[in-house]
Amino acid sequence: MSIASKYDPSQTEAKWYAYWMEHKLFSSKVDPSKEPYTIVIPPPNVTGVLHMGHMLNNTIQDVLIRRARMQGKNACWVPGTDHASIATETKVVQLLKEKGIDKKDISREEFLTHAWEWKEKYGGIILEQLKKLGASCDWDRTAFTMDAGLSDAVITVFVDLYRKGKIYRGIRMVNWDPKGQTALSDDEVITKEIASKLYYIKYQIEGETDQYLTIATTRPETIMADVAICINPNDPRFTHLKGKKAIIPLINRAIPIIEDEYVDMEFGTGCLKVTPAHDINDYELGLKHKLEVIDILNDNGTLNEKAEILVGEDRFIARKKIGKLIDEIGQLEKIEDYKSNVGHSERTDAVIEPKLSLQWFLKMDEITKPAFSSVMEDIIQLHPPKFKNMYRAWMENVRDWCISRQLWWGHQIPAFHLPNGEFVVAKTAEEALEMARKEYDSSYTMEDLKQDEDVLDTWFSSWLWPISVFDTEVFSTGKPNEELKYYYPTNDLVTAPEILFFWVARMIIAGYEYMGEKPFKNVYLTGIVRDKQGRKMSKSLGNSPDPLELIAQYGADGVRTGMLFSSPAGNDLPFDEKLVEQGRNFANKIWNAFRLVKGWEIDPKLEGSENKASIAWFENRFQEALEEINDHFEKFRISDALMSTYKLVWDDFCSWYLEMIKPAYQQPIDQATYDRTIVFFEDILKLLHPFMPFLSEEIWHQIKERSVEESLILSTWPDQHSFDKKITEEANQVFEVVSQVRNLRASKGMSPKEALDLSINAKSPELYNRFAAVLRKLANLSSLNFSEKVDNAMSFVVKSDECFIPMGDSINIEEEKANLQKEIEYTKGFLTSVMKKLSNERFVAGAPAQVVENEKKKQADAEAKIKALEESLAKLG
RNA sequence: GGAAGUUUAGCUCAGUUGGUUCAGAGCAUCUGCCUUACAAGCAGAGGGUCGGGGGUUCGAAUCCCUCAACUUCCA
């Protein structure tokens, strides 16, 4: 029998994923006899392909879900995608363009047909990629935010909130692209630093000839939309202006001079022109001071008749012309060069025009209250908790949520506009017609109804996700079905801090609004995956490795562990391929440990008594590590859980335990030791499974033939029971002796093959006798005995036991003496610091008893060690 | 402009209520080894004024003040 010395993941990963799928081992069914453990996936964008952020996020979810499954819970991980209005629509528009089709030339229905076609073709790619990672989602539950049921839920919720008076229409400033004639989200706007000019324009004070104030603006073409001049009330330069009016040049309209501390006295002239229709800050200021709004721009960026002059001119041409006109009337003070940040359309590169438009809003003041307190009171816990601050800041200053988008791909708003200018909100057109007839005009027909053109924000559907993936009807019935009752609230949510408000907070809001209950207990916030230079990994930068290629190269297990080695909750993950390499090496290490054990032959005649101490030690060590690992998991310290597992496997199991019990070359092992070792190996595979599902399942089945039900994925997490700390401490003392002997050999340039004699002046030889076989094997000793004094020996002290290695004539006495002297001095220094504390009355009186006790123990240990060292020194003569 | 966070070994990070986990881990580095499971490995070693300064305390990486640098969110 020969097993390859290098583990080849490609052989096993496809096999086991298919096996798990075939036998439906990821599947979860309602089962009241079992405790549910539920995670809903943060639905990736249908247009998406797997990137490193998904890899990290989904690895963590899979680790959590696999461990929960092994803990005997009914583990349910619901996968799915969201329709991502903006991103998908952009993609489809582009695709159509390549085919020579312009969105403006086709109808909404035609466009949606294309979009759906596209979705059917490419929408599932990312989910298929997740399978390569090993994600154990219940794929039969795969949901999409635009599935019929989920869509229905969204519409129901809109109507419901509208009828509750929580949804209203209002004016809002949007990013308008005059070239593309569409509103853009902030994400689609690219801010560029542009060299522009600052125009200093003089406005005459009303009723006072030759009295002027000067404003500075980069947009002189908007002066016709001015409705006020604002000064800082604390500005001594302008006290004389208070309560007066200024006259807009060229059109000679008088506007009030108002006061607000918002105005920066340092910037410009200290006088601010207020143009609510064309600047977001001015709009806010306008609201505050109840100012009129004058919009002088058409949708295509030309001036309209409200401008009074230059009507029909493009905004940029108007800018130049206004500058000139003002100069001609002598009211242009100067023009300065100025650098300003200007938003541009990602798609058309047109300069974005802030534009007021009628949008739909959700009132946030009342509806957010339970969501706010549940996080503040830790009913929902954020991990790490530092995000509570951010959450609070947002919730305390929450603004109404603009839920409409000027797009076609998504859930069309169920508002129907009527010829009389009114509208009705209803789930269906039929219902709407009925309402319209009843409320306004009984002669209305279907043709009179015009459904709102806009769709809802994608978050307005994904905020229902933890509910709607289980039950799409509860929003209208108010009665949760069996699924929802069983799985809701879900347990853990794993997502990025960037969408804490966009998504997480809103899910909590919807959870309380529609279920009266939180949607999840824990929110684990991952960091951003960055490259070595600290830049966010992104497609456009091209600095992200292809995840599937990484998997092909290092194996999914290697990639999973690699990602987790360095990703504490909430911290960014500085990705380095070295980490993935480490993961792969770890897999290989485990594989080779298995090769070793698998290769042993058993001799039933052997007793194996020399291995008893090693077995007892590992048993205890395993329990010690298990306690630590479980603790890390409870605290969502996934990286630490992995690191503890890594060290248990590599250091304790491979480097110590296997070496301790390993028979000499081609020698057999006894039955009892073999059996125990297999049990240890199996326990270790269990701990490894959440991190490295493929490798662990492979070895699990190679250990022996097992049925589907006996698969590792379904096995039970090791039980935690008490352990004897004394045993692990004693073993550490023995290991210390081994290390010291090895160290000594290395420092003297001796070959490891050179066997040495070891004598120990031990207070209790029992310990060393118990581990005698181990000492001989690992330290390569030709003999082990106990004596008080050995001539011509090198020595070292472990605890307070002197250890001697006789060197005959080759020993350098002076060097040995110097070494001992150095150690004595160090220990004495340490003792002094301890004594200083103990002789300090305030310390003894003030410190807790335990601390004082510890110091006394330190004192005793140090004294014993000094004594042993001094004896060794004396023996050297 | 407003708010929060971070700063500990070359890198990435632990370090809970001030006191044995107190200066740690992994990786990287250096030295010696192809020792029959593994060179994707084994054995050993070195490396830090805990961002600077000040304070509180018997005692500070840990608490307070201050300065500096970086990051993120909101505007």
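Numbers restart at 1 for each chain; the letters A, B, ... are given by sequence-line order, proteins then strands. Treat the numbers as computed from the prediction; the structure is a model and nothing was measured.
- Put simply, CG on A/N389 is 13 Å from P on B/A3, counting in whole angstrom units.
- With A/T12 contributing its side chain and A/P9 its backbone, the two residues share a donor-acceptor pair below 3.5 Å.
- Between the CZ atom of A/R595 and the C1' atom of B/U36 there is a distance of 10 Å, rounded to whole Å.
- Residue A/N592 has no polar side-chain atom (N or O) positioned under 4.0 Å from OP1 or OP2 of B/G41.
- Base contact: A/N588 has a heavy atom under 4.0 Å from a base atom.
- Proximity of the aromatic rings of A/W401 and A/F361 is defined here by a centroid distance below 6.0 angstrom, and this criterion is not met.
- A/R506 places a side-chain N or O within donor-acceptor distance of the main-chain N or O of A/F502, the cut-off being under 3.5 Å.
- With respect to the salt-bridge test (charged N to carboxylate O, under 4.0 angstrom), the residues A/K388 and A/D378 qualify.
- B/G18 sits 7 Å from B/C63 when the C1' atoms are compared, rounded to a whole Å.
- The base-pairing partner of B/A40, taking Watson-Crick or G-U wobble contacts with both distances under 3.5 Å, does not exist among the strands shown.
- Rounded to whole Å, the P atom of B/G52 lies 10 Å from the corresponding atom of B/U8.
- Nucleotides B/C42 and B/G5, compared at atom C1', are 43 Å apart to the nearest Å.
- Nucleotides of RNA chain B nearest to A/E498 and A/P9 differ in position, and the one nearer the 5' end is that of A/P9.
- Nearest heavy-atom pair across A/A779 and A/V741 is O-CG1, 3.8 Å.
- Look at the P atom in both B/A28 and B/A39: the space between them is 16 Å, to the nearest Å.
- Between B/G41 and A/N585, a contact under 4.0 Å exists linking OP1 or OP2 to a side-chain N or O.
- Proximity of A/K662 to the phosphate of B/A37: a side-chain N or O atom is located under 4.0 Å from OP1 or OP2.
- Aromatic rings of A/F501 and A/Y391 (six-membered ring for Trp) have centroids beyond the 6.0 Å cut-off, not under it.
- Nearest-nucleotide mapping onto RNA chain B: of A/R637 and A/F501, the residue sitting toward the 5' end is A/R637.
- Pairing partner, B/G1: B/C74, with both Watson-Crick or wobble hydrogen-bond distances short of 3.5 Å.
- Distance alone, capped at 3.5 Å, places no donor-acceptor pair between the A/E601 side chain and the A/I669 backbone.
- A/K589 places no side-chain N or O within donor-acceptor distance of the main-chain N or O of A/C654, the cut-off being under 3.5 Å.
- Between A/R745 and B/U35 there is no side-chain polar atom (N or O) within less than 4.0 angstrom of OP1 or OP2.
- The stretch residues 726-742 of chain A touches RNA chain B through A/S739, A/R742, each having a heavy atom under 4.0 angstrom from the strand.
- When each of A/F681, A/F680, A/Y646 is paired with A/F653, the ring pair (Phe, Tyr, Trp, His ring centres under 6.0 Å) condition holds for A/F681 and for no other.
- Protein atom CG of A/N397 is 15 Å distant from nucleotide atom P of B/G2, rounded to whole Å.
- Contact annotation: A/N743 side-chain N/O to B/A45 OP1/OP2 distance is under 4.0 Å.
- With a 6.0 Å radius and a threshold of 12 heavy atoms from other residues, nucleotides or ligands, A/K777 has its NZ atom above the threshold.
- Taking the P atom of each, B/C65 and B/U6 are spaced 14 Å apart, rounded to whole Å.
- In a base pair of the Watson-Crick type (N1 to N3 plus N6-O4 or O6-N4) or a G-U wobble (N1-O2 and O6-N3), with each distance short of 3.5 Å, B/C34 is matched with no nucleotide.
- What separates CG of A/D260 from P of B/G1 is a distance of 18 Å, to the nearest Å.
- For A/D557 and B/A40, the CG to C1' distance is 15 Å, given to the nearest whole Å.
- Taking 3.5 Å as the limit, the base of B/A43 and the side chain of A/E659 contain no donor-acceptor pair of atoms between them.
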Could you run down nucleotides 26-34 of chain B 5' to 3' and tag each one B, S or - for protein heavy-atom contact under 4.0 Å?
-> SS-------
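- Pairing of B/G47, defined by two Watson-Crick or G-U wobble distances under 3.5 Å, is not identified with any nucleotide.
- Separating the C1' atom of B/U49 from that of B/G54 is a span of 16 Å, rounded to the nearest Å.
- A/E628 has its CD atom 14 Å from the P atom of B/U21, to the nearest Å.
- Counting all heavy atoms, side chain and backbone alike, A/A625 lies closest to A/L648 at CB-CD1, 3.7 Å.
- If you check B/U6 for Watson-Crick or wobble pairing at under 3.5 angstrom, you find it paired to B/A69.
- No contact: A/S751 has no heavy atom under 4.0 Å from any strand.
- Comparing the C1' positions of B/U12 and B/U29 gives an interatomic distance of 16 Å, to the nearest angstrom.
- Using a 4.0 Å heavy-atom cutoff across all strands shown, A/A593 reaches at least one base atom of the nucleic acid.
- Distance A/N780 CG to B/U35 P: 14 Å, rounded to the nearest Å.
- Across all strands shown, nothing is found opposite B/A28 as a Watson-Crick or G-U wobble partner with both distances under 3.5 Å.
- In this entry the distance linking CD1 of A/I638 with P of B/C13 reads 17 Å, nearest Å.
- Taking atom P in both B/G48 and B/A4, the straight-line distance is 36 Å, to the nearest Å.
- Between the side chain of A/D670 and the backbone N or O of A/T673, at least one donor-acceptor pair lies under 3.5 Å.
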